[in-house]
Asks: 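This is the structure I want to talk about, given as structure tokens.
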Amino acid sequence: MLKDLILKAKDILEETHPSGQDLAEVENGLSAYLEAIATERISEPVSFEELDHANRLLREIRRERSRRLAEAQSQERPAAKPSPEKETSAPQKERVNVSPQLGEDDAYDPLKKFLSSSHDPEAEELMDAAEEAFYGGNYQKAIPLFEKVLQIEPGWSRAQEHHDEAEEFLRTGNIPSVALPPEAGKAYGKAQSAARVFRYQTALDYLDEAFQNLKEAGINRWREGEDLRQDLENQMQAHEVYQEGLTLLNQGDIQGGLSKIQTAASAVALPEYVDKASEIRDDLSTLNEIADIVNLSGNIPPMKLADSRVKLDRLSVKYGEIPQISRLRNRMEIILPAVTAAVIESVQRNKRKGESASTLKAAKEAYSQAEEQLDILQSLQPDHPQSQSLRSSIKDSLQEVTKLEDSLQRANQSLNSENRFFPRNAFKISKAVRTRFPEDPEVLDLKHRLRWYPITLYGGGILAGILILVILWFGGRGIAGLVRQRQLALTPSPTATGTITPTPTITPTSTVTPTPTPERSPTPVYSPTATPVITGTVLRTLFAREGCYESYRAVGRIPEGAVVSLIAIPNRVFDNLNRECVLVEYRTEDRAIIGYVPLVDMSIP
């Protein structure tokens with residue numbers, strides 16, 4: 001904003017005949033902006049070079065306007081005869097230099113040769129010197145000069161305003177940074193920059209330099225600088241306390257380090273200190289949580305212990321093997337074997353559950369739970385000998401279940417495109433999944449849709465067999481008739497022939513009297529007695545399994561009210577809950593199911 005006003009003022013002053021309206025607009029804009037900066041109504045950062053340049057341009061514009069006002073007043077009065085001095089010093093047309101070198105004395109002013117003012121020449125000369133001292137921050141020098149101006153021209157309002165401001169600055173010490181002497185302002189800016197990067201000693205040195213410049217300018221009180229000095233001293237003390245806290249942390253004293261860092265954060269409230277204190281509080285809270293978990297009585301949740309081990313390793317890397325962390329690690333090593341054994345048992349139990357599951361969903365859930373338990377085992381004991389073998393086995397089982405699930409989807413897709421009475425491809429694709437998960441809802445739906453395939457297949461086979469038998473029977477009869485005709489054709493026809501028939505004569509024959517022979521008594525033969533078949537009724541729908549009971553794979557489903565035959569076994573069997581099981585056989589139209597069921601679910605007459 002200030003740069004734009006400076007450029008605009010330079011452009012107007014470089015014109016040959018700038019209009020009075022343009023001069024008034026630029027003067028009002030520069031004056032209002034510089035006043036806003038002096039009263040801190042604008043917080044825009046402005047360099048001292050720009051302020052000095054703006055003040056120079058403002059003075060030149062005011063002189064030009066004063067000159068024009070004086071010319072207007074002189075035209076109203078009779079023109080006076082020009083003096084020889086004025087004739088010899090007639091101005092020649094030349095370009096005004098409106099941007100002299102910054103930091104140089106402003107004694108050379110090209111506009112002075114053109115200017116004539118409505119103010120007293122002596123008062124105007126004093127006013128220039130007073131404003132130069134005022135804008136240069138030398139208020140003690142500016143005040144008496146303003147007083148002399150007011151003695152000559154009491155109605156000069158600008159001189160009165162600047163005189164009051166200079167006295168206010170010296171009395172209260174509330175000197176804005178933009179109103180400081182140039183050298184003091186530069187040193188003050190460097191002190192602020194050094195303080196922002198935590199170079200506190202360097203900032204104090206620059207601040208001392210600023211105070212020295214103010215003292216040379218006659219300013220003995222500067223509240224803003226005093227506040228900065230107090231703040232820098234507080235910052236230095238807080239920084240020392242913060243460094244002490246970091247040293248205690250490196251030595252393993254977390255509580256002592258936190259106390260020091262909290263003190264530093266309370267003193268200066270730097271984000272770095274506040275964030276560090278919050279971080280250490282979180283770490284202490286984490287250590288307390290780990291201590292609570294490892295000191296639990298009874299069964300410790302494996303998930304919490306695994307999470308505590310990961311957190312403890314992270315804190316160990318951060319703080320090293322300090323006593324507090326070492327004690328927690330030793331306690332964890334003591335309870336780790338029992339928790340690891342429980343995790344392995346859980347993995348194996350979920351694995352068996354997945355193998356005996358009767359639905360795809362139950363199998364996938366069981367294997368997924370087993371994988372989660374293996375992840376916990378990996379966190380607890382990464383080098384456990386059974387970890388890799390169990391993970392490989394569960395991974396293979398999960399891949400098999402996924403493959404069966406995919407085959408079920410492909411069978412459904414194939415069924416939609418095939419003849420519903422003879423879906424041969426769908427039947428072949430789904431054979432494995434129908435055998436492995438016969439009770440899965442999707443598998444049952446697929447079986448229902450495949451019900452016509454066995455009827456078509458076996459019915460067609462039976463019809464084809466009957467047709468073949470009929471053909472063979474008729475063919476056999478035809479062949480037998482041809483053979484019989486052939487044999488009859490080869491047999492000669494009978495012819496009547498006369499013969500003499502001899503008459504029998506009675507001849508006496510000696511008769512042999514039979515001798516009675518002793519006969520053996522019949523040996524008794526043991527005939528086997530048929531074993532009675534015992535039947536029972538199922539009281540509820542249940543699964544027949546390969547063993548007794550839930551931990552074994554299901555071989556089939558027996559509905560409620562079904563009549564089954566009991567099969568004799570040499571020994572009685574019981575499950576984990578001490579329930580007795582019996583071996584039964586259940587026959588349906590297309591299959592027979594043989595397996596163990598609980599005796600309590602049977603009604604035997």
Side-chain angles (χ1 to χ4, degrees), residues 299-310 336-414 426 428-447 450 541-558 575-577 581 593 595-598:
N299 294 330
I300 299 177
M303 177 66 76
K304 290 186 177 180
L305 187 62
D307 185 53
S308 299
R309 185 181 180 90
V310 173
L336 194 59
V339 177
T340 303
V343 173
I344 293 175
E345 176 62 26
S346 177
V347 172
Q348 293 175 344
R349 182 171 61 253
N350 285 316
K351 185 174 179 291
R352 291 192 300 268
K353 184 178 178 181
E355 292 173 350
S356 61
S358 58
T359 63
L360 284 165
K361 182 179 179 181
K364 291 179 69 175
E365 289 179 353
Y367 290 133
S368 298
Q369 291 175 1
E371 283 190 332
E372 292 176 359
Q373 295 294 322
L374 281 175
D375 293 337
I376 295 175
L377 179 63
Q378 181 70 19
S379 300
L380 290 173
Q381 195 171 354
D383 55 348
H384 195 277
Q386 298 185 26
S387 177
Q388 294 299 327
S389 59
L390 286 173
R391 187 177 293 276
S392 177
S393 176
I394 290 173
K395 183 178 179 181
D396 294 341
S397 300
L398 193 57
Q399 287 179 350
E400 180 184 357
V401 172
T402 304
K403 184 178 179 181
L404 292 175
E405 187 176 19
D406 181 66
S407 67
L408 179 62
Q409 295 177 357
R410 289 189 291 112
N412 284 321
Q413 294 175 357
S414 177
K428 290 177 64 178
I429 293 171
S430 63
K431 181 178 180 181
V433 69
R434 286 186 287 108
T435 304
R436 173 68 176 82
F437 299 104
E439 304 302 327
D440 188 85
E442 295 185 9
V443 173
L444 293 174
D445 181 66
L446 180 64
K447 285 182 177 180
L450 291 174
T541 301
L542 47 78
F543 291 96
R545 299 183 180 273
E546 293 180 349
C548 186
Y549 178 69
E550 280 88 351
S551 59
Y552 293 91
R553 189 174 70 86
V555 297
R557 178 173 172 272
I558 303 176
D575 65 356
N576 296 333
L577 302 177
C581 298
I593 300 174
Y596 288 89
V597 298

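What you see below is based on every heavy atom in this structure, not just the backbone, and it leaves out hydrogens, waters and symmetry mates.
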Asks: Once rounded to the nearest 0.5 Å, what's the spacing between atom CG of Asn350 and atom CD of Glu372?
Replies: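 Result: 9.0 Å between the selected atoms.
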
Asks: Between CE of Met303 and CG of Leu380, what distance do you get to the nearest 0.5 Å?
Replies: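 The CG atom of Leu380 is 9.5 Å from CE of Met303, to the nearest 0.5 Å.
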
Asks: Measure the spacing between OG of Ser393 and CG of Leu374 and express it to the nearest 0.5 Å.
Replies: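 Atom-to-atom, Ser393:OG and Leu374:CG are 9.5 Å apart.
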
Asks: Which heavy-atom pair separates Tyr549 from Leu542 by the least distance, and what is that distance?
Replies: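 In this case the closest contact between Tyr549 and Leu542 is OH-CB, 4.0 Å.
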
Asks: Indicate yes or no for a side-chain donor-acceptor contact from Arg434 to the backbone of Ser430 under 3.5 Å, with no hydrogens or angles considered.
Replies: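 Checking the backbone N and O of Ser430 against the side chain of Arg434, a donor-acceptor pair under 3.5 Å is found.
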
Asks: Counting only heavy atoms not in Phe543, do more than 12 sit closer than 6.0 Å to its CZ atom?
Replies: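 For Phe543, atom CZ is crowded (more than 12 foreign heavy atoms under 6.0 Å).
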
Asks: May I ask you to decide whether Glu405 forms a salt bridge with Lys364, counting only side-chain N to carboxylate O separations under 4.0 Å?
Replies: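 Yes, charged N to carboxylate O under 4.0 Å.
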
Asks: List the atom of Ala544, the atom of Ile558, and the distance in Å for their closest heavy-atom pair.
Replies: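 For Ala544 and Ile558, the tightest heavy-atom pair comes out as CB-CD1, 4.0 Å.
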
Asks: Looking at Ile429 and Ser407, what are the two nearest heavy atoms and their distance?
Replies: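 Scanning both residues, the minimum pair turns out to be CG2-O, 3.4 Å.
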
Asks: Taking everything shown except Glu550 itself, do over 12 heavy atoms lie less than 6.0 Å from its CD?
Replies: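 Atom CD in Glu550 is crowded, with more than 12 foreign heavy atoms closer than 6.0 Å.
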
Asks: As an exercise, state the distance from OG of Ser551 to CG of Asp575, rounded to the nearest 0.5 Å.
Replies: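 Here the rounded value is 8.0 Å.
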
Asks: Any chance you could measure Thr541, atom OG1, to Glu439, atom CD, to the nearest 0.5 Å?
Replies: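 Separation between the atoms: 10.0 Å.
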
Asks: Under a 3.5 Å distance rule, please check whether Ser392 uses its side chain to pair with a backbone N or O of Gln388 as donor and acceptor.
Replies: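 No, the answer is negative, given that no donor and acceptor are paired below the 3.5 Å cut-off.
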
Asks: Calculate, to the nearest 0.5 Å, the distance between atoms CD and CG belonging to Glu442 and Leu444 respectively.
Replies: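 Between atom CD of Glu442 and atom CG of Leu444 there are 10.0 Å.
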
Asks: Test Gln399 against Asp396 for side chain to side chain contact (heavy atoms under 4.5 Å, CB included), laying out the working first.
Replies: CA-CA 5 Å; Gln399 287 179 350; Asp396 294 341; 4.1 Å; yes

Asks: Are the side chains of Leu408 and Leu404 in contact, using a 4.5 Å heavy-atom criterion?
Replies: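 With C-beta onward as the side chain, the pair stays apart.
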
Asks: Throw together a table of side-chain donor-acceptor distances under 3.5 angstrom for residues 340-349, partners on residues two or more places apart or in other chains.
Replies:
unit_1 : atom_1 : unit_2 : atom_2 : d
Thr340 : OG1    : Leu336 : O      : 2.8

Asks: Which donor-acceptor pairs under 3.5 Å do side chains of residues 353-363 form with protein atoms, sequence neighbours excluded?
Replies:
unit_1 : atom_1 : unit_2 : atom_2 : d
Glu355 : OE2    : Lys351 : NZ     : 2.8
Ser356 : OG     : Arg352 : O      : 3.0
Ser356 : OG     : Lys353 : O      : 3.4
Thr359 : OG1    : Ala362 : N      : 3.2

Asks: Which pair of non-hydrogen atoms, one from Ile376 and one from Pro302, has the smallest distance, and what is that distance?
Replies: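 Smallest interatomic distance, heavy atoms only, reads CG2-O, 3.6 Å.
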
